Amino acid sequence: MTPHRTRFLTISAVTAAVAMAAAGCSSSGGGGSSNSSGKSSSAPVVIGASLSLTGDFSADGQAFRRGYELWASEINKSGGLLGRKVQLTFQNDASDPTTVATNYTKLIAQQKVNLVFGPFSTLLTVPAAKVAARYGYAFPEGAGGGPAVYQLKLPNIFNPSPPIADQLVPFADWVASLPATERPKTAAYPQVNDPFADPMTEAAQAVLQKAGVRTVYSKVYPAENPDYKAGADAVAASGAQMVVLGSVDVPTATAFIQAFEQQHYNPKIFAASAGPDQGADFVKAVGAKNTTGIMVPNGWYAGLPNPLSQAMVKAYLAKYHGTAADINADVAEGYSVGEITAAAVKATHSLDNKKIISYLHSGVTLQTVQGPVKFNSVGENVVAQKFIFQWQQGTKFVQVLPSSAAGSVPIVNPKPAWGS
Amino acid sequence: MGRELTEAIIDGILGGGVYALMAVGLTLIFGVLDIINIAQGILVVLGAYLSYVLAVHLHIDLFVGLLVTVPAMFLVGITIQWAFIRPLRGRERTSMSLLATYAVAIIIEGVLYIIFGANYVNLNSWYVTTGPRVFGFYLDYIYIYGFLLAVVLVAAIYVTLYRTQFGRSIRATMQDHTAARLVGINVNRVQMLTFGIGVAVTAAGGMVFGATGGGFNPNTGYDLISRLLAIIILGGLGSIAGAMIAAIFMITLEGVVDVLWSPSWSVVVFYIALVLVLAFRPQGLLGRKEVRAQ
Amino acid sequence: MSPPPAAPRAIRSARVARLARPGALLALLVIAAVFPLVVTNALDTQFAVDTLIYVAAVAAWNLFSGYSGYISLGHAVFFGSGAYTVGLLTEHWKVAGGTIFWLLPLAGLVAAAIAVPFGLIALRVRRHTFVVITIAIFFIFQLLAYNLSFTGGNQGISSPFFLWSAQNYNNPFYYVALILAVGTIALSWLIRHSRFGLQLLAIRDDEDRARGLGVRAMRVKLAAFVISGGITGMVGGLWWFFIGQALPETAFNPIFDVTVALMAFLGGFGTLAGPVLGALILEPLQQWVAITFTNGYTGEIALGVLFLLVILVLPRGIVPTGRELATSWQARRTRRRGGPGAPSGAAPPGSPAVPSPSPSGASSASGGGVQ
C-alpha cells in the first residue's frame with residue numbers, strides 16, 4: 001500500500017467521520033428554534049413536529065402544517081400559552097419512518113422543544129410515538145388512527161380524530177335502517193389494501209351483511225397500483241345496487257367513478273372511505289355533474305355548526321384565502337391537536353409533559369373544532385363525532401348523518417345517474 | 001364471467017397500448033445508447049403536465065396539444081442526453097448512466113413539485129368517459145384513440161428505422177458502435193437524436209396516461225418506472241415490437257387475474273410470469289440473443 | 001540524475017506506509033468504539049446508528065454487486081425478509097428486551113436461504129436483465145407482505161415498547177450496527193484478497209473468459225449472493241428492532257435499493273473503501289439537505305444537481321478518481337525531484353502509472369493493493 005494511498009484513505013475516512021458528527025451536531029435549521037430552557041416568561045413555547053412535506057404523503061403533510069400553523073397564530077393572538085408566544089418548528093420526514101424517528105429525537109433530545117405534535121399517517125405515528133414515549137413526552141396527533149397504533153397501548157398517544165374503524169358505521173346503519181323496498185339487495189366492496197381503507201370498509205360490510213345485503217363483489221387492491229380499470233369494470237359488471245369503496249385518495253376514487261360512468265353503471269348508493277372528502281380537488285377531478293349523491297365519512301367539514309370550527313374557518317380564510325369548501329379536513333385535525341394541547345397546558349398551568357399526559361387521561365371532555373374529545377387509556381377519542389357527508393347539487397358538501405345531529409340535512413337517495 | 005373476461009381482455013389490449021407508448025421510448029433508448037433511462041417515469045409525468053397546462057390554460061384539445069408537447073419533449077430529451085449522458089465514458093458507463101438519469105429524475109420531480117404542488121390533477125375531455133358499446137359493455141374512446149396512437153407511432157418508428165437513411169444509422173449503431181463509426185456514422189449525433197425521439201414518444205404516452213389514470217402528481221413517476229422496466233425486459237431490450245407485445249401481455253394478464261382471482265394478486269402474477277419467461281428465455285420475448293460479455 | 005538521494009527517503013516512506021495503514025484503521029476503530037460514550041447526545045447516536053446501518057448494507061451489497069459486476073436492485077428483499085423474520089419471531093416467541101438481538105443471526109439465515117433460489121433463477125441471465133429480475137422479485141416480496149395474513153398485511157409487525165432509558169437507548173443498537181458494519185468490511189477485505197474474490201473479479205471483467213479459465217461462475221456468483229443477502233437480512237432485522245415497526249412499504253422499500261446503489265457508485269463501485277465512503281458521505285448529506293431546505297422540493301433538486309456534478313467530475317466515483325489524482329500528483333512530484341520517471345519504490349506492481357482513459361479503467365488492477 002503506497003503512502004499516498006494510505007494517506008488518502010485515512011484522510012477521507014476521518015473527513016467522513018467528522019462530517020457525520022458535524023451534520024448530526026448541527027443544531028439550527030428547519031424553521032429556527034431556541035432552547036427555551038430559560039425561566040423568563042417571554043421565552044417562546046417551542047412545539048416541534050415532523051411532517052411529510054415531500055414524498056407520498058406530501059399533500060396531506062402540507063395541509064397538516066397549515067392546521068398547526070393556523071392554531072399557533074390564533075393562540076398567539078389571544079396571548080399564547082401561559083402568557084408565552086407559541087413557536088412551531090418543523091422537520092421534513094419525506095414520509096419515511098427512519099427519518100421520522102430521527103426527527104423526533106432531534107426535536108426532543110437536541111433542540112429540547114417543550115412539546116411535540118404528531119406526524120401524518122399511521123405508518124409514521126408508531127416509530128415517532130415510541131421515541132416520544134421514551135422521553136416521556138405527550139404525543140397528540142391527528143392522523144394516526146389505525147388499529148396498529150392503538151394496539152401498542154402506549155401511554156402518551158392522544159388522537160382527537162375519530163378512530164378509523166368505526167367511521168363508516170353510521171352510513172351502514174342508515175342503509176340497514178331503510179325499509180326493505182328501498183334497501184339495496186346487493187353490494188360491492190372494492191377496497192385498497194391500506195390500514196385506513198380496509199378496517200372501515202370491512203366494518204361497514206359486516207353491518208350490511210347482517211342486514212341482509214348480499215355481497216356480490218369484495219376484492220382487495222394492492223396499495224401501489226396505478227391501474228384500477230379492470231377491477232372497476234368488474235364491479236360495474238357485477239351490477240351491485242350499492243358500492244362501498246375503500247379508497248385512500250382522490251385518484252383512486254376518480255378512477256372508479258370514471259369507469260362506472262363510462263360503463264353506464266349507476267349504483268343507487270355510493271360511499272367511499274376517502275377522496276370525496278377532499279373538497280374542490282375531488283370536484284375538479286370527477287366533474288361537478290358526477291358528485292351528487294356520493295357519501296364519505298369525516299370528522300369535520302367547513303360547514304360544521306360548531307362555534308370553534310366556524311371561528312377556525314374564518315381565520316383560515318383570512319390567512320390562506322380561498323373558499324370554505326377548499327379547506328382540507330387535515331387542517332381541522334391538525335388544529336384540534338393544538339386545541340387539546342392548549343387545554344391541557346391551561347388546566348395544569350404547566351408545560352410538564354407528565355402532567356399533560358395524566359390530565360388528558362383523566363377522563364375530562366374537551367371541545368375542539370372536530371367536536372367533543374375524551375380519551376380512553378390507549379388514546380382513542382371515545383366520544384368522537386362520526387359524520388357522514390354527501391355531495392349535493394354538484395358542489396355542495398353537506399352533513400347528512402347522524403340525522404339527528406345539528407346541521408344534518410336529508411339524504412339524497414337514490415344517487416342520480418352519472419352526468420346529470 | 002364470460003362477459004367480464006372478454007371485457008378484461010379487450011381492456012387489457014387497449015390499455016396495453018397506453019403502456020406501450022410509454023415503454024417504446026425506453027427500449028429504443030436502451031437499444032441505441034445501451035443505457036437504462038430511469039428518468040423515463042418522471043418524463044411521462046412531465047409530458048402529462050405539459051398536456052395539462054395546454055388543456056387547462058389554453059383550452060387546447062389533448063390530442064391537438066401533442067403537436068406542441070411532442071417536439072417540446074424531443075428538445076428536452078436531446079438536452080438531457082447532450083448535457084448529462086454523453087460525457088459519461090468508460091467501462092462503468094452503464095452504471096453511471098443509472099445514477100445520472102436518476103439524478104435528472106429527481107431534479108425534474110422537484111421542479112414539478114415546485115410548479116404544480118403535490119395535488120393530483122387530471123386530464124379530462126369528452127372522450128375520457130364515453131365510448132362505444134361492445135358485447136354488452138362499454139369501451140373508452142380514450143383507450144381506443146390511445147391504442148391507435150400507439151400503433152401509429154410504432155409504425156412511424158418502424159418506417160423510420162427501415163426506410164430512411166437515418167433509420168439505417170440507428171440500426172447500425174444498435175448493432176455495433178465501433179463498426180458504425182468506422183463506416184462514417186456520427187454515433188454521437190445518432191445517440192442524441194434517438195434519445196430525443198425516445199423522450200418525444202413519452203409525451204404521447206404521458207398524455208394518454210394522464211387521461212386514463214384517475215389522477216397524477218409528481219410522485220407518480222416512481223410507480224411507473226419499475227413497470228416500464230419490466231415491460232421492456234419482457235419484450236426484449238431494444239425491441240419495439242417486443243415492448244408493445246409485452247405491454248399488452250402485462251395489462252391483459254393483470255386484468256384477467258383481477259377478474260378471475262383478485263386484484264391483490266394480479267401484479268404478483270405478472271412479475272412471476274416475467275421471472276419465468278426470463279428463466280427460460282433470458283433475452284426476453286423478442287430480444288436478440290446476446291454474447292455474454294456484458 | 002542519480003538515484004541515491006532518493007533511496008533513504010524511499011525506505012522511510014516504505015516504513016511509514018507499512019505502519020500507517022493498520023495504524024490509521026486502528027485509530028478509526030477506537031474512535032468508533034468510544035463514540036457513543038463520548039458523544040452522549042441522543043441525536044448524534046441515533047444518526048450514527050442510521051449511518052452504520054447503511055454502511056453495513058452498502059458493504060454487503062458491494063460484496064456481491066461490486067465484485068461481480070451484477071447490479072442488484074432487489075437487496076431490499078433480504079432487508080425486508082430479515083426485518084419480518086425478527087418481527088415475527090419476537091411476536092410468536094414473545095421475546096423481550098435485549099434478547100431480540102440474538103434473533104439477528106436467524107434473520108441472516110432466513111435471508112440467505114431466500115437468496116439461494118433467488119440467485120439460481122436470477123444469475124443465469126445477462127446483467128441488464130439481472131437488474132430487472134431483482135426488481136421483479138422485490139415487488140413480488142413486497143406484495144406478498146401485503147397479501148399474506150401472517151405478515152400482518154398492511155398493519156405490519158410492530159415491536160413491543162421497552163422502557164429503556166432514553167438517554168442511552170441508542171447505544172446497544174450502535175454497537176450491534178458497528179459490529180455488523182466492521183465485520184462486513186473485514187469480510188469484504190478478506191474476500192478481496194482470497195482466491196474466491198479473484199474469481200469474482202474475473203467474472204466481473206469478462207465472464208466468458210473466466211469460465212474458459214475454469215472458474216465455476218454460477219457457484220461463485222451464488223456464494224457471493226448468499227453471503228451478501230444473509231448479511232443484509234441481519235441488517236434488516238436490526239433496523240426493525242431499532243425503528244420498532246415493519247410495514248410492507250417500509251421494510252421492502254425501493255428507495256433503499258436505490259440509495260444503497262447510489263452510495264456505492266458515489267464512493268467508487270467495486271472498490272473496498274468506496275461504498276463505505278459513499279455511505280458515510282451520503283447519509284449525513286441527505287439529512288443535511290432535509291434540514292437546510294425545509295421546502296423539501298428544493299432539497300431534492302439540490303441533491304440531484306449534486307449527483308450530476310459528482311458524476312461529471314468524478315465519473316468513476318470518489319475513491320478511484322481520488323486514487324488517480326493522488327497517483328498522478330505523486331508521479332509529478334517525483335518527476336520534479338529529478339528521480340526516475342516512475343514513482344518511488346514503494347508503489348506496488350500493477351498500479352497504473354498514469355490514469356488511462358482505456359475502458360479497463362483504474363479499478364481493474366489485477367491483484368495487488370486494496371481496492
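Worth knowing before you read on, the calculation uses all heavy atoms, side chains too, and leaves out hydrogens, waters and symmetry mates. Since this is a predicted model, take the numbers as computed values, not measurements.
Within the 4.5 Å cutoff, side-chain heavy atoms of Ile114(B) are placed close to those of Ile301(C). Counting only heavy atoms from C-beta outward, the side chains of Trp265(B) and Asp258(B) never approach each other to under 4.5 Å.
Comparing Ile255(C), Leu303(C), Val258(C) by how many heavy-atom pairs each has under 4.5 Å with chain B, the most go to Val258(C). Most heavy-atom pairs under 4.5 Å with chain C, from the set Leu274(B), Ile233(B), Val275(B): that is Ile233(B). If you tally non-hydrogen atom pairs under 4.5 Å between each of Ile121(C), Asn147(C), Val131(C) and chain B, the highest count goes to Asn147(C).
Residue pairs satisfying the ring-ring contact (aromatic ring centres under 6.0 Å, His included) criterion with at least one member in residues 22-42 of chain B, sequence neighbours excluded, are listed as follows: Phe30(B)-His128(C).
Ring-centre distance between Phe78(C) and Phe118(C): below the 6.0 Å cut-off. Checked against the 6.0 Å centroid criterion, the rings of Phe225(C) and Tyr70(C) do not qualify as a close aromatic pair. Separation of the Phe216(B) and Tyr120(B) ring centroids does not fall under the 6.0 Å cut-off.
Interface residues of residues 40-48 of chain B toward chain C, defined by a heavy-atom distance below 4.5 Å: none.
If you measure heavy-atom distances from Ile272(B) to chain C, the contacts under 4.5 Å come from both the backbone and the side chain. Neither the backbone nor the side chain of Phe270(B) has a heavy atom closer than 4.5 Å to any heavy atom of chain C. Looking at Leu98(B), the atoms closer than 4.5 Å to chain C (heavy atoms on both sides) all sit in the side chain, from C-beta outward. Both the backbone and the side chain of Leu229(B) come within contact range of chain C, each with at least one heavy atom under 4.5 Å from a heavy atom of that chain. Contact annotation for Leu308(C): both backbone and side-chain heavy atoms come within less than 4.5 Å of a heavy atom of chain B.
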Exercise. Is there a side-chain contact (heavy atoms from CB on, under 4.5 Å) between Val268(B) and Phe139(C) once you walk through the steps?
Worked result: CA-CA 7 Å; Val268(B) 181; Phe139(C) 275 112; over 6 Å; no
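In this structure Phe141(C) satisfies the ring pair (Phe, Tyr, Trp, His ring centres under 6.0 Å) test with no other residue, sequence neighbours excluded.
Applying side-chain contact (heavy atoms from CB on, under 4.5 Å) to Thr194(B) and the options Ile78(B), Ile170(B), Val199(B) leaves one that passes, Ile170(B).
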Please tabulate, for the side chains in residues 238-253 of chain B, all donor-acceptor contacts under 3.5 angstrom to protein atoms that are two or more places apart in sequence or on a different chain.
from, atom 1, to, atom 2, distance (Å)
Ser239(B), OG, Gly242(B), N, 2.9
Thr252(B), OG1, Ile248(B), O, 2.5

